[in-house]
Amino acid sequence: MPLSQIRVPIEIWHGDDDRLVSPQASRILDNALPTATTHFVPGAGHLLDASDHVKDVLHSVLSGSRH
């Protein structure tokens, strides 16, 4: 199935200081997935510490918000 046909909501979280996977990879996915919402976390690296952002992640997922 092409990414453009995926219709479920998708949340992408990416640290903007990731040195293993370029933030550009998340931008490409965001553009390819019509229902994606991408969040860039300032200063976070590849292993984004979810405990620091769990409230934001849960709020975004549970509210179905689109940023």
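Only heavy atoms go into these numbers, but all of them, side chains included; no hydrogens, no water, no symmetry mates. Remember, predicted model here, so these are calculated numbers, not experimental data.
- Put simply, the side chain of S63 gets close to the backbone of H59: a donor and an acceptor are under 3.5 Å apart.
- Taking CD of E11 as the reference point, atom CG of L58 lies at 10.5 Å (rounded to 0.5 Å).
- Between P34 and I6, the shortest heavy-atom distance links the atoms CG-O, 3.5 Å.
- Residues forming a salt bridge (Lys or Arg N to Asp or Glu O under 4.0 Å) with R7 (at least two apart in sequence, or on another chain): none.
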Pairs of donor and acceptor atoms involving the side chains of residues 18-26, under 3.5 Å and at least two apart or interchain, shall be tabulated with distances.
residue: D18; atom: OD1; partner: L20; partner atom: N; Å: 2.8
residue: D18; atom: OD1; partner: V21; partner atom: N; Å: 2.9
residue: D18; atom: OD1; partner: H46; partner atom: ND1; Å: 3.3
residue: D18; atom: OD2; partner: H14; partner atom: NE2; Å: 3.4
residue: D18; atom: OD2; partner: H46; partner atom: ND1; Å: 2.9
residue: S22; atom: OG; partner: Q24; partner atom: N; Å: 3.0
residue: S26; atom: OG; partner: H14; partner atom: ND1; Å: 2.6

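- With contacts defined as side-chain heavy-atom distances shorter than 4.5 Å, the pair T38/W13 does not qualify.
- Qualifying side-chain contact (heavy atoms from CB on, under 4.5 Å) partners for P42, counting only residues two or more places apart in sequence or in other chains: D16.
- For N31, there are no side-chain contact (heavy atoms from CB on, under 4.5 Å) partners at least two apart in sequence or on another chain.
- Residues L3 and L29 are in side-chain contact: their nearest non-hydrogen atoms beyond the backbone lie under 4.5 Å apart.
- Residues D30 and I12 share a closest heavy-atom pair of N-CD1, 4.1 Å.
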